[in-house]
Structure formats: C-alpha cells, structure tokens
Amino acid sequence: MMLRSLTLAFSMALAASLPALAQDGPLKIEITDGVTEPMAIAIPAFHGDAAVAQQIRDVVAADLTGTGLFREISRDAQVARPGSFGEAIAYEDWRAVNAQALVSAEVTQGGDAISVKFRLYDVYAGQAQGDGMQFDARATDWRRAAHKIADQIYARLTGEQPYFDSRVAFVQETGPKDARIKRIGVMDYDGQNILWMTDSASLVLAPQFSRDGRRLAYTSFDSGFPQIRVLDIATVSSRPLTQDANSMAFSPRFSPDGRWIVYSREQGGNTDIWLMDAASGAQRPLVQSPAIDTAPSFSPDGQRIVFESDRSGNPQLYVVGINGGEPSRISFGDGRYGSPAWSPKGDLIAFTKQVGNQFHIATMRTDGSGEKTLTGSFLDESPTWAPNGRVVMFTRVAPGGNGQPKLHSVDITGRNMRPLSLDFAASDPSWGPLMP
C-alpha cells in the first residue's frame with residue numbers, strides 16, 4: 001500500500017509481507033539532560049544484494065551510533081543472525097547479548113533501482129515495534145535510503161523527529177587566513193554527496209537555507225562590496241536581491257514561509273535590520289538605531305526576530321516583533337553575545353558567547369532564561385540547528401596563524417561533541433530541513 005511519494009524518485013510503503021503487530025508500551029530511549037545510557041541495538045548484516053546491502057547497513061549504523069544515544073552490538077556477539085528477512089526472530093538469543101532493539105532488512109537491486117525493506121523489533125517485549133516499511137529509490141540514492149531507514153528507527157525509539165535525511169550548506173575555505181578563497185557547497189548532514197553551488201571567483205559568506213530547502217540566501221562580494229544573492233539549488237543559478245551601491249547588505253535569513261528575507265544593512269557607518277519581500281524586492285527598515293544591529297534570525301512561527309546589537313555598550317541579544325516596535329533585551333550574562341539562531345522547535349535560541357579569550361556555543365530559552373554553555377574553545381561560532389532542534393552544528397577555528405575552520409556538532413545537553421569528517425576547511429554551516 002503506497003503511503004506517499006518522495007522526491008529523488010523515492011517511494012515509501014508498508015512492508016506488506018510482514019503484518020503489523022500491536023504493542024503496549026513500546027520500547028523508548030529516555031532522553032534527559034543527565035547522563036543517558038546508550039540503548040544497545042543490534043544491526044546484523046542486511047539480506048539481499050551483498051555490496052549495496054552492506055553499504056546501506058553501515059550508514060544506518062553510523063547515523064544511529066553517531067547520536068550518542070545508541071550502542072551497536074558487535075558482530076562477534078551476534079549469535080542469532082536471521083537467515084532471511086522473513087525468518088522468525090530468536091529473541092532469547094538476542095536478550096543473551098543484552099540487545100534491546102534489533103533491525104532486520106533486505107535489499108534488492110534491479111538495474112538502476114533498489115528496494116529496501118526493514119523491520120524494527122523490541123527484543124525484551126519479543127515483538128515488532130510498529131510497521132515494517134519499504135523504500136524504493138534509484139540505485140544512486142542508496143545513501144538517502146539508508147538515512148530514511150535510520151530516521152524511522154530514531155523516531156520510533158526516541159519519540160522525537162529525526163534529522164539524518166537532511167542537508168547542510170557551508171563555505172569551503174582555502175588559502176591563508178589573510179587571503180581566503182571561498183565557495184558555497186551543499187552536502188548531506190554527514191559530509192557526503194557534496195554539490196558545489198558557487199565557484200571561487202568572488203568572496204561568499206554565510207549561506208542560509210529557506211525553510212523548504214530549495215533556496216539559499218547568502219552574502220556575495222562579486223560587485224566589490226557585500227550584497228545579498230539568492231540561489232536556486234536545483235538549477236544552481238542565482239540572482240541579486242540587493243544592488244545598492246550606497247549601502248552594504250549581509251546576514252540574510254528567510255522567514256519560515258519563504259516570503260520575507262531579514263538582513264543587515266549598513267549605510268553611512270550605521271547598521272540596521274531590514275525586511276525584504278523575497279518576490280518583489282520591496283524592503284523596509286525593521287530596527288533602526290545608532291547602534292550596530294545585525295545577525296537577525298526568525299522564530300519558527302515567523303512572528304519574531306532575534307538579533308545582535310551593541311546598543312547597551314557591548315553585543316547582546318534582542319527580540320523584536322515582525323511589525324517592528326521596541327526590541328526587548330534577552331541576554332544579561334557576562335561576556336559578548338552574537339550570531340543567534342532560533343531553534344526550529346521554537347523553545348531555544350543558540351548563540352555565540354565570548355568570555356575573555358574563549359568563545360562558546362550556548363543556548364537560552366526565548367525569554368533569556370536557562371542559559372546553558374555547550375562548548376568552549378579558541379573560537380566557536382555560527383551555530384545552526386538540526387531540523388529536530390536537538391543538535392547544533394557550528395564552526396570551530398583552531399588557534400595560530402595557520403588555524404583552519406572545521407565544522408563540529410554537539411547536542412543540546414552539551415554532550416556528544418563530534419567533528420564532521422571533511423578533508424578541507426569549512427565554515428558558516430546552515431542546516432536545512434528534513435528532505436521530503
């Protein structure tokens with residue numbers, strides 16, 4: 001039974017060969033701000049076409065264990081590997097190695113298409129957890145099939161929205177610190193499948209995804225001074241949004257509905273927050289003051305904007321409504337606050353905080369309460385949120401004249417800090433939405 005169509009030639013269906021089993025109190029991993037014991041999960045070799053099955057299994061395992069919430073049962077300990085996808089599960093054998101959850105899957109390939117069936121089992125309850133599912137895709141999209149399976153498992157075992165089948169825009173940096181060459185790329189959340197969106201002919205900064213994941217707004221110096229361009233990812237074509245030779249425009253962000261772009265505009269030595277209609281280009285000032293007002297970010301309902309301002313003497317965070325008015329200050333701790341990013345869940349704001357010679361990535365509630373430091377180093381900056389609001393990706397720059405920027409991620413508890421596996425310097429991440 002077909003449930004819905006997906007892009008990139010995906011389809012998703014219930015695995016009709018296995019009936020759904022009802023279950024009371026399904027297996028769930030408890031996620032708290034305290035220490036979480038990773039759930040032990042067994043992911044035996046997937047059945048079917050050996051080469052692609054192994055590749056898909058490995059990506060599913062990497063997605064899940066990379067969260068820090070799951071621990072994979074080693075293959076050496078797997079004494080009850082199913083002989084086929086439809087074979088009955090020997091639950092007692094899996095309990096003996098302390099597996100709490102078990103994944104069984106089968107991959108078939110025909111020409112340029114693949115089909116992946118999978119089933120998740122609650123080992124201690126001795127039954128399937130939810131429906132079996134099937135993903136059909138182009139053979140070249142096997143990584144996306146793997147991410148979608150991992151997303152389904154993650155959602156069922158945590159009760160949270162997933163984030164593996166998503167993309168990140170970033171800036172690749174080459175050359176010395178005082179003469180960097182930069183270009184924009186888009187990649188899978190784990191650093192794979194990189195697509196280059198711009199060349200290195202002109203300086204580019206801070207790409208930002210639209211909520212639908214189809215466009216990027218970014219700052220370009222192709223005219224000799226900073227202006228905003230918007231890029232269509234599918235066609236890799238861009239057009240200017242601002243072209244005022246008497247002002248500089250930078251730090252653009254889309255509204256959740258894609259209608260507006262909020263950005264910083266500098267003219268005559270003063271920097272304010274402006275709002276632009278993305279279709280017509282009509283624009284108006286939103287926040288004007290003698291201070292430097294910059295780095296705006298929309299709330300997920302599109303009704304408020306958080307931004308950075310030095311109106312109180314040093315950079316702090318303020319919130320203003322979409323219709324303007326007097327901004328409200330929300331940061332009151334020691335240090336300098338900047339580059340805020342509103343969580344897609346709407347509950348938290350991530351930001352960069354400088355205290356002394358250390359830069360931190362931190363979060364706070366939208367009223368400024370509950371400030372929590374997640375990282376700290378020579379220079380951590382540019383936070384961006386995973387689509388489910390649980391993980392923050394950011395740029396970490398190593399100290400020294402040859403220090404290179406690298407992308408890292410950390411979850412909102414401050415645990416599970418991880419560098420992204422890229423073999424080049426990268427900065428300015430923007431995490432896009434979950435792919436359809």
Side-chain angles (χ1 to χ4, degrees), residues 168-186 194-210 213-255 258-298 305 307-309 338-339 341 381-382 384 395 405 424-430 432:
V168 175
F170 66 97
V171 173
Q172 182 198 42
E173 302 194 17
T174 57
K177 275 190 172 181
D178 58 352
R180 282 281 161 84
I181 298 173
K182 302 188 178 187
R183 61 173 173 168
I184 294 172
V186 171
I194 297 174
L195 300 173
W196 298 111
M197 299 287 108
T198 65
D199 58 27
S200 55
S202 60
L203 184 66
V204 289
L205 300 172
Q208 293 291 329
F209 267 108
S210 60
R214 297 177 180 177
R215 294 174 293 168
L216 292 173
Y218 63 99
T219 303
S220 172
F221 284 74
D222 62 348
S223 65
F225 54 95
Q227 295 292 317
I228 296 170
R229 298 184 70 89
V230 64
L231 181 145
D232 182 279
I233 294 175
T235 61
V236 196
S237 59
S238 70
R239 60 183 176 88
L241 287 184
T242 60
Q243 302 181 79
D244 187 349
N246 296 315
S247 66
M248 295 185 290
F250 50 95
S251 298
R253 297 256 187 159
F254 283 98
S255 64
R259 179 183 175 185
W260 303 101
I261 292 177
V262 65
Y263 68 99
S264 301
R265 180 182 181 185
E266 188 277 337
Q267 188 170 18
N270 189 55
T271 304
D272 296 316
I273 305 295
W274 281 62
L275 200 61
M276 176 191 298
D277 187 300
S280 69
Q283 51 192 304
R284 62 179 172 85
L286 181 66
V287 177
Q288 290 184 299
S289 76
I292 298 175
D293 302 317
T294 188
S297 174
F298 273 99
I305 291 169
F307 65 98
E308 169 192 341
S309 176
S339 58
E381 60 182 356
S382 306
T384 183
T395 305
F424 52 79
S427 64
D428 295 0
S430 174

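From a predicted model like this one, the values you see are computed outputs, not experimental measurements.
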> What distance do F250 atom CZ and S220 atom OG have between them, rounded to the nearest 0.5 Å?
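The distance works out to 14.5 Å.
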> For salt bridge (charged side-chain N to carboxylate O under 4.0 Å, His left out), just list the numbers for D222 and R229, CA-CA rounded to whole Å, side-chain angles, deciding distance to a tenth of an Å, and then say yes or no.
CA-CA 10 Å; D222 62 348; R229 298 184 70 89; 3.2 Å; yes
> Decide yes or no for V171 and P207: does some side-chain heavy atom of the first lie under 4.5 Å from some side-chain heavy atom of the second?
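V171 vs P207: side chains touch.
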> Please name the pair of heavy atoms, one in A295 and one in E308, separated by the smallest distance, quoted to 0.1 Å.
CB-OE1, 4.0 Å
> Please report the interatomic distance CZ(R214) to CG(D232), rounded to the nearest 0.5 Å.
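It comes to 9.0 Å.
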> Side chains of T219 and S251: does their closest heavy-atom pair fall under 4.5 Å?
no
> Less than 4.5 Å apart, any side-chain heavy atom of V262 and any of F298?
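Yes, close enough: below the 4.5 Å cut-off.
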> Heavy-atom distance under 4.5 Å between the side chains of I194 and F424, does that happen here?
yes
> How long is the span from the OG atom in S264 to the CD1 atom in I228, to the nearest 0.5 Å?
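One finds 8.0 Å between OG of S264 and CD1 of I228.
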> Can you list every salt bridge (charged side-chain N to carboxylate O under 4.0 Å, His left out) pair that touches residues 237-254, not counting sequence neighbours?
D244-R265
> Roughly how far, to the nearest 0.5 Å, is the CD atom of E381 from the OG atom of S427?
7.5 Å
> Please list all pairs meeting salt bridge (charged side-chain N to carboxylate O under 4.0 Å, His left out) that have one or both residues in residues 266-275, counting only residues at least two apart or in different chains.
none
> Would you call I184 and L231 a side-chain contact if the rule is heavy atoms closer than 4.5 Å?
no
> Is the number of heavy atoms from other residues, nucleotides or ligands within 6.0 Å of CD1 (I233) greater than 12?
yes
> Taking all atoms of both residues into account, what is the closest heavy-atom pair of A169 and L216, and its distance?
CB-CD2, 3.7 Å
> When you compare the side chain of T294 with that of F307, does any pair of heavy atoms fall below 4.5 Å?
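They are not in side-chain contact.
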> Is there a side-chain contact between Y218 and S430, using heavy atoms and a 4.5 Å cut-off?
no
> Should V168 and T384 be marked as a side chain to side chain contact (heavy atoms under 4.5 Å, CB included) after you check the CA-CA gap, both sets of side-chain angles, and the distance that decides it?
CA-CA 9 Å; V168 175; T384 183; 5.6 Å; no
> Search all heavy atoms of N270 against all heavy atoms of P290 and return the closest pair with its distance.
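For N270 versus P290, the nearest heavy atoms are OD1-O, 3.1 Å.
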> Decide side chain to side chain contact (heavy atoms under 4.5 Å, CB included) for D199 and R183; before the verdict, give the C-alpha distance in whole Å, the side-chain angles of both, and the deciding distance to 0.1 Å.
CA-CA 5 Å; D199 58 27; R183 61 173 173 168; 5.9 Å; no
> Throw together a table of side-chain donor-acceptor distances under 3.5 angstrom for residues 279-288, partners on residues two or more places apart or in other chains.
from	atom 1	to	atom 2	distance (Å)
S280	OG	A282	N	3.2
Q283	OE1	Y263	OH	2.1
R284	NH2	I322	O	3.3

> If we ignore hydrogens and angles and just use 3.5 Å, is the side chain of S202 paired with the main-chain N or O of F221 as donor and acceptor?
no
> What heavy-atom pair brings S309 and D293 nearest, and what distance separates the two atoms?
OG-OD1, 2.6 Å
> Identify the heavy atoms of R180 and L203 that sit nearest to each other, and give their distance.
O-CD1, 4.5 Å
> List the atom of L241, the atom of A278, and the distance in Å for their closest heavy-atom pair.
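The answer is CD2-O, 4.3 Å.
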> Roughly how far, to the nearest 0.5 Å, is the OG atom of S255 from the CH2 atom of W260?
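The distance works out to 8.5 Å.
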> Between F209 and V186, does the side chain to side chain contact (heavy atoms under 4.5 Å, CB included) criterion hold? Intermediate values first, please.
CA-CA 10 Å; F209 267 108; V186 171; 4.1 Å; yes
> Give a yes or no answer on whether the side chain of S247 reaches the backbone of Q267 with a donor-acceptor pair at less than 3.5 Å.
no
> Tell me if a side-chain donor or acceptor on T242 pairs with a main-chain N or O of Q227 at a distance below 3.5 Å.
no
